[in-house]
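Chain letters run A, B, ... following the sequence lines, proteins first and then strands; every chain starts at 1.
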2 protein chains.
Amino acid sequence: MSASGLGEVRRPSARGDQLLFLTDEQLRQGIELMFFAYRDFTSDPDRILEDYAYGRAHHRAIHFINRRPGVTVAGLLDILGVTKQSLNRVLRQLIEDGLVTQEVGARDRRQRHLHLTEAGRDLERRLSEPQRARVRRAYSEAGPEAVSGFRKVLEQMIDERVRKEVLGLVGGGRGPEGEGSGGA
Amino acid sequence: MSASGLGEVRRPSARGDQLLFLTDEQLRQGIELMFFAYRDFTSDPDRILEDYAYGRAHHRAIHFINRRPGVTVAGLLDILGVTKQSLNRVLRQLIEDGLVTQEVGARDRRQRHLHLTEAGRDLERRLSEPQRARVRRAYSEAGPEAVSGFRKVLEQMIDERVRKEVLGLVGGGRGPEGEGSGGA
DNA sequence: GAGGTATGTCAACAACACTGACATAAACTG
DNA sequence: CAGTTTATGTCAGTGTTGTTGACATACCTC
């Protein structure tokens, strides 16, 4: 079972062995693993969202507003990579339902800085909790070294053009707000 | 495989360091990494699909029919986790367009065994090529040990109830066909 | 004031998922 | 054989999420 047993590169008897983890079969397995893992990974919040009238798009908006309080609409568009019309529909609902507030920018009053209300934070917690539990379980089963490799590969999977920016966002926590037009 | 062990998060002693990879911040970063990596990961085939009248659903069907030639409709439904109405729409197009053929089952003539035509295999290759290239690049940048960890974590991310079955499919290659009702 | 930017909104549309209902053919069961 | 279940296909309706395109308003910058 080569299920996950490609850690040690076997013996250097033939140098080709060192690249066995790059065979098409290995790559295909990685691709399918991504598919199935992501499928279950998103199923947790999806199930909760059903109780509300919300979908995945709402979850993503809530997640990143929680992550970057005060982010502007343009900044959020950048992160999510959707059109403003698409985001606006979602945002309008969340604001109507009292989960998100807008706040006119102090420096630039065209901008709307987005924040979660208490109710918004509640939902965010409710949504992210089972997902965190899943990742926590997977991490602790796999161990710290596996987690390190997991992150390394995922980081490399991100488009090189945006990698730096994305990793800054992921790792950066509450960084600068309102990334109006943050590059690519 | 017991130890869904996460009750013991964070010991007060110096051992705490060992569990630093399980902090909420680390978990949140993992979640976001999954989001961004998957986003770019699917962007390659998506771009190609635009040229055709197809979407992601077609890609998934093509991928798994290629992967398990002769799979039945029910088997495919199981793998994809969608309704038959949803799959049928996609399948009908692919058959009409000559990418997929149906074949009445020998043992059970109600069943339709699905295969890719030459054109179907062509498209499959065209779709999977950039994706494989992305994974190959990520793998080779991260190195074999990281890849091992990547796979370990992803495997643990899959629902425990279906993990065995899924990993059998992923690793098993051309296994038994027509998995009518494979359990979960 | 002109020009560009940030935001919001309307309308139309497409992809893809869902539920529910129904049809057909074949297999299984008593 | 009759009745039931299974595998598949199809029709109709609906919802979420994405897209373009067009347009309006408010505001910053020069």
Inter- and intrachain pairs under ring-ring contact (aromatic ring centres under 6.0 Å, His included), touching residues 90-110 of chain B, at least two apart: none
Summary of ring-ring contact (aromatic ring centres under 6.0 Å, His included) pairs that have at least one residue in residues 66-107 of chain A, sequence neighbours excluded: none
Pairwise ring-ring contact (aromatic ring centres under 6.0 Å, His included) hits with a residue in residues 147-166 of chain A, at least two apart: Tyr139(A)-Phe150(A)
Degree of bending, the helix from dG1(C)-dC30(D) to dG30(C)-dC1(D) (end axes from five pairs; round to 10°): 30°
Validation: residues 94-106 of chain A side-chain donor-acceptor distances under 3.5 Å, sequence neighbours left out:
from, atom 1, to, atom 2, distance (Å)
Asp97(A), OD2, Tyr54(A), OH, 2.3

Qualifying residues under side chain to side chain contact (heavy atoms under 4.5 Å, CB included), relative to Glu155(A), sequence neighbours excluded: Arg151(A), Leu167(A), Leu33(B)
Where protein sits on nucleotides 25-30 of chain D, one letter per nucleotide: B base, S sugar-phosphate only, - none, heavy atoms under 4.0 Å: -BBS--
For Arg89(B), all residues meeting salt bridge (charged side-chain N to carboxylate O under 4.0 Å, His left out), sequence neighbours excluded: none
Selection: residues 81-94 of chain B, any non-hydrogen atom under 4.0 Å of DNA chain C: Gly81(B), Val82(B), Thr83(B), Gln85(B), Ser86(B), Arg89(B)
Asp40(A): salt bridge (charged side-chain N to carboxylate O under 4.0 Å, His left out) partners, not counting sequence neighbours: none
Residues that Arg112(A) engages under salt bridge (charged side-chain N to carboxylate O under 4.0 Å, His left out), provided they are two or more places apart: none
Pairs where residues 119-130 of chain B contributes a residue and the test salt bridge (charged side-chain N to carboxylate O under 4.0 Å, His left out) is met, not counting sequence neighbours: Asp51(B)-Arg126(B), Glu118(B)-Arg121(B), Glu118(B)-Arg125(B), Asp122(B)-Arg125(B)
